[in-house]
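FYI, side chains are in, hydrogens and waters are out, and symmetry mates aren't considered; it's all heavy atoms of this structure.
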Amino acid sequence: AVLAIASLLVPPARGAACPSPCRCHALGAARGLHVDCSSGGLRAVPALPPGTRSLDLRNNSLRWVPAGVLDSPPSLLSLDVAGNPWHCDCRILYLRLRLQDLSLPALASATCASPAPLSMKPLAELTGNELGPCKTLLPIKCLQFFWRDLILIAGAVITLLLAAWALKFSKKLVCQLKLSQRGGRGWLLRRLTPKNH
């Protein structure tokens, strides 16, 4: 009885989180949501409700998708983006990789609208040469990790060099102390030994 009541309560809660131009349908008990945003005139991907398993973005005005937008919710398993005027430059690589993970047929059906040389070319067939130099592909976080790691490595090298120098210096110091102690004993022995004339 408790499960039946819970199943009646869950769909309205999910429906309330559905973005306004879209229609959300429960896929069954604990299977998540299908979010249908097709033909909604969207220029950006809306915030998806938790538990979204499939997303239909067909026939909108989407030109590109910011990196990371389709990573949340993590439950997303199906995506369709055909019929959008995709602008195929470096920014399209995130969408292409996401479609590669989720749906190869959807990747094959999505085509470029611009720039002119790539018009009507499927995203699946894009090559690096066609996209031009994509220097900004590396996310800022990765660059921050790179510099952090470089600083840590430099710090470790400097620490090792200082430790080696300190060890070498301490060996010299120990040798000098031993020599001075021996020299001191010799002087003491000479002082204590009586002179025979």
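Listed here is the closest heavy atom pair of A124 and R96: O-NH2, 3.4 Å. Considering all non-hydrogen atoms of both residues, L42 and P21 come closest at CD2-CG, 3.6 Å. Contact detail for S72 and L48: the closest heavy-atom pair is O-CD1, 4.1 Å. Pairing each heavy atom of C24 with each of P49, the nearest pair is SG-CG, 4.3 Å.
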Give the intermediate values and the outcome of side-chain contact (heavy atoms from CB on, under 4.5 Å) for residues L27 and L33.
CA-CA 5 Å; L27 294 172; L33 289 175; 5.8 Å; no
Stepwise side-chain contact (heavy atoms from CB on, under 4.5 Å) test for W64 and D89:
CA-CA 9 Å; W64 61 284; D89 62 6; 5.6 Å; no
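By the 4.5 Å heavy-atom criterion applied to side chains, V65 and W86 are counted as neighbours. The closest side-chain heavy-atom distance from I92 to L123 is below 4.5 Å. Between C88 and L126 there is a side-chain heavy-atom pair separated by less than 4.5 Å. With contacts defined as side-chain heavy-atom distances shorter than 4.5 Å, the pair D56/H34 qualifies. No side-chain heavy atom of P66 sits under 4.5 Å from any side-chain heavy atom of R91. Inter-residue side-chain proximity for P122 and C112 is flagged as unmet; no heavy-atom pair is nearer than 4.5 Å. Residues R58 and S39 form no side-chain contact, since every pair of their non-hydrogen atoms from C-beta on lies 4.5 Å or further apart. By the 4.5 Å heavy-atom criterion applied to side chains, P46 and S20 are not counted as neighbours.
Considering CG of L62 and NE2 of H87, their distance stands at 14.5 Å, rounded to 0.5 Å. The distance from the CG atom of L79 to the CZ atom of R53 is 14.5 Å, given to the nearest 0.5 Å. L102 CG to L97 CG: the interatomic distance, rounded to the nearest 0.5 Å, is 11.0 Å. We find the CG-CZ distance between L70 and R98 to be 6.5 Å, quoted to the nearest 0.5 Å. Of the inter-residue distances, the one linking D71 atom CG with Y94 atom OH reads 3.5 Å to the nearest 0.5 angstrom. Distance check, rounded to the nearest 0.5 Å: CG of L95 to CD of Q100 gives 10.5 Å.
The hydrophobic clustering, which links ILVMFWY residues whose side-chain heavy atoms are closer than 4.5 Å, places V81 and L77 apart.
When the options L57, L76, L55 are evaluated for a side-chain contact (heavy atoms from CB on, under 4.5 Å) with V35, the one that passes is L55.
Judged purely by atom type and a 3.5 angstrom limit, T159 uses its side chain to pair as donor or acceptor with the backbone of G155. A distance-only check finds no donor-acceptor pair linking the side chain of N60 to the backbone of N84 [under 3.5 Å]. Here the side chain of S119 pairs no donor or acceptor atom with the backbone of A116 at under 3.5 angstrom. Side chain of S75 to main chain of T52: a donor-acceptor pair is present (N/O by atom type, distance under 3.5 Å, no hydrogens or angles).
Applying the side-chain contact (heavy atoms from CB on, under 4.5 Å) test to S109 and every residue at least two apart in sequence or in another chain returns D80, A82.
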